[in-house]
Amino acid sequence: MSGAEPADETEVVPIRMGSREWTRLVVQIIIIGVLAVALVQALELRELARYFPVFAASLGIVAGIFGIITDQIRYRRGIPAPQPSIGEATLFVPVQASRWTEAPFVRALRYIGWLLLIGLLLSQFTIAQVAPFFVAAFMLIEARVAWWRAPIYGGAAWLLVWFLSVQIGLPTP
Amino acid sequence: MIEAAFEALALIIQPSRLAFVFLGTGIGMVIGTLPGLGGAVGMAILLPFVFGMDPISGVALLMGMSAVTTTSDSFPSILLGVPGTSGSQATIMDGYPMAQKGQGSRALGAAFTSSIIGGVFGAFLLVLSLAIARPLILALGSPELFMLSLLGLSAVAVLVRGAPTSGLLGGAMGLMLGTIGFAPATPEIRYFINEWTYLLDGVSVAIVALALFAVPEIIDLLVARRSVTRAEYLEATKNENLTRGLFEGVKDTFANLSLVFRSASIGTGIGFAPGLGGSVVDWITYGAAKQSIKGNTFGEGDVRGVIAPESANNAKEGGGLIPTLLFGIPGSASMAILLGGFLLLNIQPGPTMLTTNLPLTLSIVWTLVIANIAAGLLCFAITKPVSRIVTIPMSKLAPFLLVIMTIAVYQSSRTYGDIGVFLGIGIVAWFIKQIGIPRPPVMIGFVLSGPLERYLHISMSRYGWAWLTRPGVVILGLVIVAIVLVAIKQSTTRSSTLVVLSAGEDVKAGTEGGQE
């Protein structure tokens with residue numbers, strides 16, 4: 001074991017561009033593009049309103065381009081793409097999914113769908129109307145609780161909204 | 001100063017304000033026990049609720065919450081091998097093996113006691129630094145404050161885990177997000193997308209904070225089906241005498257008081273340096289303790305391996321407050337959100353925190369002291385029931401959190417736009433998390449965009465381009481360039497990166513051990 005260690009440290013195995021590396025590259029390019037558009041728009045502003053966004057967008061574009069270059073250097077030297085600074089990312093974790101619906105990306109899309117659903121519902125109804133049904137449905141479908149328990153969770157959600165809005169007096173959507 | 005300290009104590013012990021300290025402490029304890037939800041997330045959840053509060057009550061709520069997540073995070077770290085917050089990763093190294101040996105309550109007793117002592121010691125050092133820093137900060141002008149803000153942003157951007165260029169990119173994204181709406185120096189609207197009037201006043205700090213930190217964690221915890229193994233926990237602790245174990249941990253801490261103070265001093269120092277706090281403070285103190293204690297059994301269930309990081313991660317809150325309060329430079333994500341809270345409460349960090357706002361500053365110190373003691377004692381009292389909270393799967397918590405967060409963000413401007421922007425930024429934040437663009441620099445860039453633009457505007461108006469030649473500005477500029485260049489070089493060097501990766505793998509191994 002000890003004999004193998006020096007070889008491991010000196011041997012550099014370049015990292016091939018996988019799905020995570022490609023996604024990182026594409027998203028970096030998109031962000032640089034958005035910042036470039038923001039920079040062009042900022043140039044049309046009056047001087048006092050212009051200089052700070054120009055500075056910030058320029059900083060971002062330079063950092064983004066350097067980021068793409070240093071990423072390629074890292075991969076060539078066998079250093080993987082950076083991990084999240086807080087928590088763990090799940091999108092590119094290899095898992096043995098029994099069904100395609102259980103793949104991390106599909107699951108993430110499903111939960112993003114739930115987020116969008118509550119947003120959409122709140123554009124039409126109040127939180128007091130939405131929360132019980134939303135929580136009950138989430139519990140039934142995602143937490144897979146027994147059907148008779150789902151309304152109990154829905155009721156708890158309604159109580160929570162009632163407490164925050166009536167008892168504490170917070171304005172609710 | 002002593003008179004002001006007593007005045008601040010009188011302010012904070014008023015029942016209505018003390019209630020907010022305890023409310024924040026209670027919420028912070030629950031958040032600390034939930035794996036993946038740290039002080040930044042808790043701060044983000046509470047931030048919208050401080051609208052309209054008086055400054056002392058609002059800060060008491062936020063600080064009460066923030067100060068104690070690093071106390072209650074010992075529950076999942078020790079009992080389950082899952083870091084409750086990023087500051088308790090190193091606690092797993094010896095705490096979890098102790099729990100596996102049936103000494104979980106002893107480890108918890110040591111963790112809570114060292115957290116209390118460390119937190120109070122950090123607050124004490126904060127008071128000392130206020131006295132020392134007062135003449136220094138009053139001598140700084142707008143150009144130096146601009147460069148200091150830039151230094152804070154750069155340091156956080158390049159020192160958080162990940163590539164430094166990604167951090168800088170994140171910081172720039174935050175700065176740009178902060179430029180939306182009316183320009184401060186001239187009546188012109190910037191980035192008035194689709195003439196959506198909601199954007200005229202810019203995006204609320206509370207929405208950005210909640211979207212950046214809470215949404216990605218919830219989605220990832222749901223995707224990972226993160227829950228903890230109740231059976232394993234019960235198996236490891238069923239034969240323990242809880243009270244006796246806790247008391248043994250208290251005795252262990254008092255037997256190692258020099259280690260507690262040494263670690264707390266390191267923690268305060270690290271908290272003071274922008275970008276170094278959070279996830280590294282526990283590792284640095286753990287490493288220092290391992291090197292300094294001869295004949296240790298660190299990694300196999302040595303109680304000193306719990307005492308060192310737990311003393312430091314509570315003490316770092318005091319250290320982190322020094323640049324936040326005195327310079328308006330947040331050293332970490334949670335301090336950035338706290339800074340946002342100050343702005344919501346019409347508190348302007350900077351020299352005034354040592355003059356007209358001195359009672360408020362000292363009330364924060366008292367809040368730290370009270371919250372740390374209360375949280376430690378409460379942790380002792382509720383060890384058994386609280387440890388059950390960590391067994392709730394995120395799929396059962398998420399819908400309730402979503403409802404609470406929706407109501408929370410709605411407090412910003414009380415329009416549907418709050419919810420739309422929250423969801424939009426939250427989904428983008430999840431994507432950037434997946435590809436390794438760190439979120440703390442985005443938050444810090446967003447919070448600092450206002451002060452940075454203001455300092456730059458004043459510097460340009462008063463000195464023209466000549467402000468760039470001031471000695472303080474030149475020195476700070478060179479420090480920024482040096483930090484960025486060294487960080488970029490290190491990020492592309494294999495050996496230094498491997499050290500970080502191996503440390504992370506250790507945590508992951510512990511984490512996996514505690515999961516289903």
Side-chain angles (χ1 to χ4, degrees), chain A residues 12 20 23-24 27 31 35 38 41-42 45-46 48-49 52-53 56-57 59-60 63-64 66-67 70-71 73-74 77-79 81-92 104 107-108 111-112 115-116 118-119 122-123 127 131 134-135 138-139 142-143 157 160-161 164 170-173, chain B residues 36 38 40 86 160-163 165-166 168-169 172-173 175-176 179 183 185-186 188 190-191 213 215-217 219-220 222-224 393 395-396 398-400 402-404 406-407 410-411 414 416 419-420 423 426-427 431-436 438-440 449 453 456 488 491-492 494 497 504:
Chain A
V12 175
R20 184 162 190 268
T23 311
R24 182 173 159 83
V27 174
I31 294 171
L35 289 172
Q41 287 187 359
L45 299 168
R46 273 182 258 172
L48 278 177
F52 189 72
L59 173 73
F66 264 96
T70 52
D71 275 357
I73 295 170
R74 285 165 66 102
R77 293 179 180 175
I79 305 167
Q83 292 297 315
S85 55
I86 301 172
E88 291 167 21
T90 52
L91 186 56
F92 300 105
R107 284 173 58 78
Y111 296 120
I112 289 171
L115 283 177
L116 296 176
I118 194 170
L122 287 173
S123 68
I127 189 86
F134 179 82
V135 170
F138 195 98
M139 286 293 182
E142 300 297 345
L160 177 69
V161 173
L164 291 173
L170 293 174
T172 51
Chain B
S86 59
V160 290
R161 198 165 104 182
T165 45
S166 299
L168 287 174
L169 179 62
M173 288 164 68
L175 289 175
M176 288 304 291
T179 63
T186 176
E188 190 154 11
R190 298 186 293 209
Y191 307 118
F213 295 104
V215 173
E217 298 313 317
I219 293 176
D220 276 330
L222 284 168
V223 172
S395 57
K396 286 184 179 167
F400 290 99
L402 271 177
V403 170
I404 293 170
T406 309
I407 294 173
Y410 188 72
Q411 308 309 310
R414 295 166 191 183
Y416 181 74
I419 297 165
L423 294 175
I427 292 166
F431 269 105
I432 69 168
K433 180 190 172 191
Q434 304 307 309
I435 60 158
R439 289 162 292 152
S449 68
E453 184 163 9
L456 185 59
I488 289 175
S491 76
T492 52
R494 195 158 183 258
T497 313

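Lettering follows sequence order; numbering is per chain, from 1.
- Residues Ile435(B) and Arg24(A) share a closest heavy-atom pair of O-NH1, 2.7 Å.
- Interface check for chain A: of the options Thr179(B), Ile404(B), Ile407(B), the most heavy-atom pairs under 4.5 Å are formed by Ile407(B).
- Of the atoms belonging to Ile118(A), it is side-chain heavy atoms, and not backbone ones, that fall under 4.5 Å from chain B.
- Not a single donor-acceptor pair under 3.5 Å links the side chain of Tyr111(A) to the backbone N or O of Val223(B).
- Residues satisfying the side-chain hydrogen bond (donor to acceptor under 3.5 Å, both in side chains) test with Thr165(B), not counting sequence neighbours, are Thr70(A).
- Using a 4.5 Å heavy-atom threshold, the side chains of Phe138(A) and Leu222(B) count as touching.
- Contact check for Leu169(B) versus Phe66(A): no side-chain heavy atoms found under the 4.5 Å cut-off.
- Of the listed residues (Leu456(B), Val215(B), Ile432(B)), the one with the most heavy-atom contacts under 4.5 Å to chain A is Leu456(B).
- Proximity to chain B is limited to the side chain of Ile127(A), based on heavy atoms less than 4.5 angstrom apart.
- By the 4.5 Å heavy-atom criterion applied to side chains, Phe431(B) and Val27(A) are not counted as neighbours.
- The salt bridge (Lys or Arg N to Asp or Glu O under 4.0 Å) search around Arg107(A) returns Glu102(A), not counting sequence neighbours.
- Across all non-hydrogen atoms, the minimal contact from Met176(B) to Ala38(A) is CE-CB, 3.5 Å.
- At a 4.5 Å heavy-atom cutoff, Ala81(A) makes no contact with chain B through either its backbone or its side chain.
- The parts of Leu48(A) that come within reach of chain B are both its backbone and its side chain, each placing non-hydrogen atoms under 4.5 angstrom from that chain.
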### Query
Which is it for Leu122(A) and Tyr410(B) under the side chain to side chain contact (heavy atoms under 4.5 Å, CB included) test, yes or no, and what are the steps along the way?
CA-CA 11 Å; Leu122(A) 287 173; Tyr410(B) 188 72; over 6 Å; no
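- Considering every non-hydrogen atom in both Lys396(B) and Ala143(A), the closest pair reads CG-CB, 3.8 Å.
- Residue Phe400(B) touches chain A through both its backbone and its side chain, counting heavy-atom pairs closer than 4.5 Å.
- At a threshold of 4.5 Å between non-hydrogen side-chain atoms, the residues Pro399(B) and Glu142(A) do not count as touching.
- For the pair Ile219(B) and Leu115(A), the minimum side-chain heavy-atom distance is below 4.5 Å.
- Between Pro53(A) and Arg190(B), the shortest heavy-atom contact is CD-NH1, 3.5 Å.
- Of all the heavy atoms in Phe52(A) and Leu175(B), the pair that sits closest is CZ-CD2, 3.9 Å.
- The contact between Leu160(A) and chain B is made entirely by side chain atoms (from C-beta outward), counting heavy-atom distances below 4.5 Å.
- Your options are Ala108(A), Ala42(A), Ala131(A), Gly64(A), and the one with the most heavy-atom pairs under 4.5 Å with chain B is Ala108(A).
- Rounded to the nearest 0.5 angstrom, Thr172(A) OG1 and Arg414(B) CZ are separated by 10.5 Å.
- Nearest heavy atoms, Ala183(B) versus Ala49(A): CB-CB, 3.7 Å.
- Although no hydrogens or angles enter the test, the distance criterion places no donor-acceptor pair under 3.5 Å between the side chain of Glu188(B) and the main chain of Leu45(A).
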